[in-house]
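I have placed the structure first, in the form of structure tokens, so that the comments after it can refer back to it.
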2 protein chains.
Amino acid sequence: MALGKDYVAQDCSIARALEVVGERWTLLIVRDALYGVRRYNDFLVHLGIPRAVLAARLQSLTDAGVLEKRPCPEAPRRHEYVVTERGRALWPTLRALGTWGRDAFGDGKPLRYFRHAACGTELGLTAECPACGGLVPLEDVEMLPGPGLDADPADPVSRAMLGPRRLLQPIRIDPV
Amino acid sequence: MALGKDYVAQDCSIARALEVVGERWTLLIVRDALYGVRRYNDFLVHLGIPRAVLAARLQSLTDAGVLEKRPCPEAPRRHEYVVTERGRALWPTLRALGTWGRDAFGDGKPLRYFRHAACGTELGLTAECPACGGLVPLEDVEMLPGPGLDADPADPVSRAMLGPRRLLQPIRIDPV
DNA sequence: GAGTCAAGTTCATTCATTGAACCTATGGGC
DNA sequence: GCCCATAGGTTCAATGAATGAACTTGACTC
């Protein structure tokens, strides 16, 4: 929404936030980044997004300081996009949106669980731990597949996301 | 996003939620509805949204059970769109998004404060009361103008939103 | 030297958004 | 009865963004 008409003059923090993450695909990219996706091709495969749109979104998210683009440490000619602190701060929003989607439109079979790894308690509405009381550091959030999740997805990124794993833990795709 | 390509097969509650509230303008309409806007023309004036888009979004939000359309009790020929329980459940998401926008892109002068009316404490990141511990019922949330807010806005809806008021309290525009 | 792979860019088509103009039903003033 | 205003839309042409397929570029590999 940065291009063309924007939400200028709305005098509202929500509108300002939506200028950055309100476009189609953008929040899903941030979600994937929090789940550990880092590489252009992995976003591409997992989201099924057109290449041109992905490139544009990664660029604008980088400009906005939500992601950081940097050379991949292992293979120097590759890049990775890593969530910054500002990007991590979107996790409570995404958690709230996800619980809303689940409660409002789910069929009773959760797709994923998010637990505080230290105590095993499922996160509350907005990513806090009801038992320990407080926002759980992202590194301590464990995501697990729920009964509603496709147990044998086609694309390798979804497959890598199946197992219990931590938020932010980089996805690695085994070269076949 | 309901039309054309959608986020089908994403197998994710966030994607499902975005199918309903992810389009341009949609979350701003829900925000206004939570702030007490109820009438077509008030949304129109406050958001500066094209008429056709507003009509389409009100329709799809009504279809999704986020808003309810009903005849206005005072003037029987008018309608109002009122947030349902499902719509109210979006408040923590919007609060989280707003605090993110404020913290990430604000200039230090908050635009609005949201307080728990019973104790005067400012709401936390996601609409809970840090003092009382728990989600505050929307009717008990008081919104107040902050130092960053335009103190003399042009449109009557913004003017009606200036004073300290409760969430959901219907906006009334005095006929000039 | 031919082939591959990551990470894009280019381009024609399709789709959504925009802003202006028009429509319709009611209600009020005279 | 006639004129005008208001609420809540619909229609339409022009613009802008999204899509999918094809093409590009610069390593590295066999």
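Within every chain, numbering begins at 1; the chains are lettered A, B, ... in the order of the sequence lines, protein sequences first and strands thereafter.
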Residue pair B:Ser60 / B:Asp63, side-chain donor-acceptor N/O under 3.5 Å: no
Interatomic distance, A:Leu44 CG vs C:dT9 P [rounded to whole Å]: 13 Å
Salt bridge A:Glu139-A:Arg88, side-chain N to carboxylate O under 4.0 Å: yes
5′-ward residue of the pair B:Ala52/B:Asp42 relative to DNA chain D: B:Asp42
B:Leu58 CG to D:dG8 P, straight-line distance once rounded to whole Å: 10 Å
Sugar-phosphate only, base, or nothing, as touched by A:Phe43 at under 4.0 Å among non-hydrogen atoms: nothing
For atom CD of A:Glu23 and atom C1' of C:dT17, their distance in whole Å: 13 Å
Gap between atoms CG and P, on B:Leu47 and C:dG19 respectively (whole Å): 13 Å
B:Lys69 vs D:dG9: side-chain N/O to OP1/OP2 distance below 4.0 Å: yes
B:Tyr40 side chain, from C-beta outward: closest of D:dA18, C:dT17, D:dT10: D:dT10
Under 4.0 angstrom between B:Arg24 side-chain N/O and D:dA17 OP1 or OP2: no
Distance under 6.0 Å and angle within 45° of ring axis: B:Arg57 vs B:Phe43: no
Nearest-neighbour nucleotide for the A:Pro50 side chain, C:dG8, D:dG8, D:dT19 considered: D:dT19
Length of the CD1-P vector between A:Ile49 and C:dG8, whole Å: 13 Å
Pair B:Glu142-B:Arg165, salt bridge (charged side-chain N to carboxylate O under 4.0 Å, His left out): steps then yes or no: CA-CA 6 Å; B:Glu142 192 173 29; B:Arg165 52 198 313 282; over 6 Å; no
Spacing between A:Leu54 atom CG and D:dT19 atom C1', to the nearest angstrom: 13 Å
Presence of A:Tyr81 side-chain N/O under 4.0 Å of C:dG8 phosphate oxygens OP1/OP2: yes
Residue A:Asn41, side-chain heavy atoms: nucleotide from D:dA7, C:dA6, D:dA18 that is nearest: C:dA6
Selection from D:dA7, D:dG9, C:dT18 that lies nearest to any side-chain heavy atom of B:Trp25: C:dT18
Rounded distance in Å - CZ (B:Arg38) to C1' (D:dA7): 17 Å
Closest to side chain of A:Val53, choosing from C:dA7, D:dA18, D:dG9: D:dA18
Distance in angstrom units between A:Ile171 CD1 and C:dA6 P, rounded: 16 Å
Nearest heavy atoms of A:Ala15 and B:Arg31, plus distance in Å: CB-NH1, 4.4 Å
Side-chain N,O (A:Arg39) to OP1/OP2 (C:dA7) below 4.0 Å: yes
Phosphate-side-chain proximity, A:Arg51 and D:dG20, N/O vs OP1/OP2 below 4.0 Å: no
